[in-house]
Amino acid sequence: MHVRKFEADTIEQALKDIKRELGPDAVILKTITNSGLKGAFKKNKIEITAAISEKNYGRKSQVDSVMTSGQQDEFYGGSASYIANMIDKHDQSRQAPKSQNQEARGYGSAGLNRTVNSTKHIVSQVKSGLDDFLNQSDRPTHKEFNFDDEIEAAQTAPQERPREIQRPTQSQQVQKNQIANDEMYENQKNKINDLEKKLFELTRNVERIHKKEPIGIYQLRTTLRSLDVNEVYIQQLIKKGLFELTETDVENADIVFEFALREMMNAVQTAMPLFSSVDENKNPVITLFVSEAACGQTSMIQKISALKKDAIVIRNGNVANEQKNNFAEKIFNINVIKANTIAEIVSECRKALESGKSVFIDYKCNEVEKNETKKFIDGLKRAFPKVEVLITLSAIQSELYNRKVLGTYRKIADGIVVSHLDICLNFGALFNIASETKELPYKFFGTGEVVPDDLEAATAERLLAGIFKLS
């Protein structure tokens with residue numbers, strides 16, 4: 001590889017020098033200009049580093065060896081495609097047999113230094129000296145050149161004879177060179193502009209990455225991460241905070257946390273249960289509690305039914321802590337009916353509604369197929385006008401388990417009930433569920449074992465108080 005560096009006042013002059021020294025096959029490796037930000041600290045010069053393979057450079061050198069300096073200036077003033085074509089033909093003529101090369105010597109088919117019929121004998125005499133040639137008495141006159149003979153010879157020549165390339169006039173060649181140079185200049189200028197734009201974008205990205213985060217935003221981010229709040233929600237909250245708060249506000253941790261509390265409260269959806277409506281006495285409601293494992297659902301139903309007069313609790317299957325449950329039910333006179341089949345549950349619901357009583361169904365589906373549970377709920381909603389399905393979650397269960405339960409029943413449920421909130425160690429998990437399942441609002445929070453005192457309506461303030469340890 002032959003590498004050279006060229007320096008000129010303009011890019012046109014530099015490209016012209018490259019084409020003159022290295023030929024049309026040269027490859028530009030590097031360009032340094034005086035435009036953009038870099039030029040303010042450098043000389044008003046254009047530097048271009050170009051290279052060409054040793055093989056192509058050797059072919060060009062063979063062409064240069066058969067031309068004078070003036071012929072080289074004229075030849076390399078042509079277009080790049082023309083120069084490359086002529087170099088190829090010259091190289092082919094050198095490799096051809098001698099019989100095919102006798103009239104194609106010199107620079108390809110251009111015939112820059114090739115002898116022609118009208119001057120063959122003159123050129124041989126010039127070699128012996130100019131003075132001898134001028135003293136020759138038998139110099140040929142113009143009568144010796146027969147134009148008709150030349151035409152006849154050209155017509156009778158074999159078809160394989162290579163045609164002479166008609167070279168453009170000087171004005172046409174200058175115009176073509178100018179157009180080629182203008183196109184090359186525009187291409188190089190566009191490439192340089194694109195490189196400067198990319199450099200500017202990279203600089204901005206680096207500045208953004210290394211920019212110091214405001215102290216208020218930093219404290220909020222680290223706090224929410226330590227509370228196991230979803231990273232996606234943290235990013236959305238911080239993005240909104242940076243958009244709405246001023247540069248001074250984001251440095252103040254109190255202002256940032258106040259903003260975060262407002263946004264997080266809006267992310268938690270709560271609602272009152274259907275059986276607490278005004279017309280519930282005229283149109284009783286069936287409330288179905290669904291759970292898959294021991295999660296305090298039975299205790300939650302006891303607390304609710306103890307507060308609701310003339311309510312009936314229907315319980316399916318065996319329930320753990322039967323003795324404890326019987327004691328609470330006797331103290332508060334809770335009417336409990338046990339049903340082992342879905343048909344019995346539907347029959348008891350119909351009887352209770354006909355007598356104007358609300359119904360709470362304690363339904364555990366840990367041993368029942370999921371499809372059977374969904375069919376039961378769909379049939380219950382078709383059979384009775386007012387049916388509300390609540391999923392019972394435990395605050396001491398893992399977030400992964402609670403998400404699994406929600407994923408199974410969220411399409412047929414109307415809300416969520418959370419038990420054991422008093423011993424919860426991860427309020428961030430409950431917040432993540434609330435922010436991602438806004439169509440299922442929280443209805444009740446169980447805050448202890450005391451019936452019916454340890455029961456409260458779900459509120460966003462209660463959840464955020466547990467997250468940030470607020471009194």
Side-chain angles (χ1 to χ4, degrees), residues 227-230 233 264-265 267-276 286-305 307 313 315-317 319-321 325 360-368 370 373-374 376-377 387-452 454-467:
L227 297 172
D228 293 334
V229 177
N230 195 322
Y233 181 81
M264 294 175 72
M265 286 183 63
V268 179
Q269 300 296 324
T270 59
M272 294 300 295
L274 187 60
F275 65 81
S276 64
I286 297 177
T287 305
L288 175 65
F289 293 81
V290 180
S291 63
E292 285 193 352
C295 59
Q297 176 173 284
T298 301
S299 176
M300 291 287 293
I301 295 175
Q302 287 177 350
K303 296 171 187 176
I304 295 172
S305 59
L307 296 175
V313 177
R315 186 176 299 141
N316 75 313
V319 180
N321 299 326
N325 293 331
F360 299 100
I361 302 177
D362 186 3
Y363 192 84
K364 292 180 174 58
C365 47
N366 52 337
E367 297 181 357
V368 181
K370 298 176 182 178
T373 301
K374 293 179 180 178
F376 165 61
I377 295 174
V387 177
E388 184 177 37
V389 180
L390 302 178
I391 301 175
T392 305
L393 301 179
S394 176
I396 59 177
Q397 295 284 6
S398 66
E399 181 179 357
L400 184 62
Y401 176 79
N402 287 335
R403 285 181 180 275
K404 182 183 78 69
V405 176
L406 284 174
T408 305
Y409 304 106
R410 66 184 296 177
K411 292 184 179 180
I412 57 176
D414 303 302
I416 300 174
V417 175
V418 181
S419 63
H420 302 138
L421 197 70
D422 55 316
I423 54 177
C424 177
L425 299 178
N426 190 357
F427 284 89
L430 297 178
F431 175 81
N432 294 336
I433 293 174
S435 63
E436 295 176 15
T437 58
K438 293 184 179 181
E439 74 278 8
L440 296 179
Y442 284 147
K443 301 282 183 148
F444 285 108
F445 288 153
T447 58
E449 297 181 358
V450 179
V451 178
D454 292 339
L455 179 71
E456 60 184 52
T459 59
E461 291 83 355
R462 180 70 171 85
L463 194 60
L464 293 178
I467 292 177

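Along the sequence shown, the residues carry numbers beginning at 1.
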Asks: Kindly write out the residues that satisfy salt bridge (Lys or Arg N to Asp or Glu O under 4.0 Å) with Lys303, not counting sequence neighbours, or none if the list is empty.
Replies: none
Asks: Please confirm whether the backbone N or O of Ser394 pairs with a side-chain atom of Asn402, one donor and one acceptor, at under 3.5 Å?
Replies: yes
Asks: Give, for atom OH of Tyr363 and atom OG1 of Thr373, the distance between the pair rounded to the nearest 0.5 Å.
Replies: 4.0 Å
Asks: Apply side-chain contact (heavy atoms from CB on, under 4.5 Å) to Glu439 and Arg410, showing your working.
Replies: CA-CA 9 Å; Glu439 74 278 8; Arg410 66 184 296 177; 2.4 Å; yes
Asks: Please round to the nearest 0.5 Å and tell me the distance separating atom CG of Leu288 and atom CD1 of Ile301.
Replies: 8.5 Å
Asks: If you round to the nearest 0.5 Å, how far is CG of Asp454 from NE2 of His420?
Replies: 11.0 Å
Asks: For residues Cys365 and Tyr409, report the shortest heavy-atom separation together with the two atoms involved.
Replies: SG-OH, 3.0 Å
Asks: Please tell me if the side chains of Val290 and Ile377 come closer than 4.5 Å, counting only heavy atoms from C-beta onward.
Replies: yes
Asks: Give the minimum heavy-atom separation between Met272 and Ala457, together with the two atoms involved.
Replies: SD-CB, 4.3 Å
Asks: Can you give me the closest heavy-atom contact between Asn316 and Asp362, atom names plus distance?
Replies: OD1-O, 2.8 Å
Asks: Return the OG1 to CG distance between Thr459 and Leu464, rounded to the nearest 0.5 Å.
Replies: 9.0 Å
Asks: Using modelled atom types and a 3.5 Å cut-off, is there a donor and acceptor pairing between side-chain atoms of Ser276 and backbone atoms of Pro273?
Replies: yes
Asks: Heavy atoms only: give me the nearest Phe444-Ala458 pair and the separation to one decimal.
Replies: N-CB, 3.9 Å
Asks: Measuring only between side-chain heavy atoms, which start at C-beta, is Leu440 closer than 4.5 Å to Leu406?
Replies: yes
Asks: With a 4.5 Å cut-off on side-chain heavy atoms, are Thr437 and Ile416 touching?
Replies: yes
Asks: Quick check: closest heavy atoms across Leu455 and Met300, and the distance to 0.1 Å?
Replies: CD1-CE, 3.7 Å
Asks: Nearest 0.5 Å please: distance from the SG atom of Cys424 over to the CD atom of Gln397.
Replies: 11.5 Å
Asks: So, does Tyr442 use its side chain to make a donor-acceptor pair with the main chain of Leu430 at under 3.5 Å?
Replies: yes
Asks: Do the side chain of Asp414 and the main chain of Val389 share a donor and acceptor less than 3.5 angstrom apart?
Replies: yes
Asks: Given 3.5 Å as the limit, does a donor-acceptor pair link the side chain of Gln297 with the main chain of Thr392, or not?
Replies: no
Asks: Would you please name every residue forming a salt bridge (Lys or Arg N to Asp or Glu O under 4.0 Å) with Lys404, sequence neighbours left out?
Replies: Glu292
Asks: Mind checking whether Phe427 and Leu227 have side chains closer than 4.5 Å, heavy atoms only?
Replies: no
Asks: According to salt bridge (Lys or Arg N to Asp or Glu O under 4.0 Å), who are the partners of Glu436, at least two apart in sequence or on a separate chain?
Replies: Arg403
Asks: Any idea which heavy atoms bring Val268 and Ala460 closest together, and the distance?
Replies: CB-CB, 3.8 Å
Asks: Looking at Asn432 and Asp228, would you say the former's side chain and the latter's main chain have a donor-acceptor pair under 3.5 Å?
Replies: yes
Asks: Taking the side chain as every heavy atom from C-beta outward, state whether Lys374 and Lys411 have any atom pair closer than 4.5 Å.
Replies: no
Asks: Once you round to the nearest 0.5 Å, how far does SG of Cys295 lie from OH of Tyr401?
Replies: 7.0 Å
Asks: If you define the side chain from C-beta out and look only at heavy atoms, does anything of Lys364 sit under 4.5 Å from Thr298?
Replies: yes
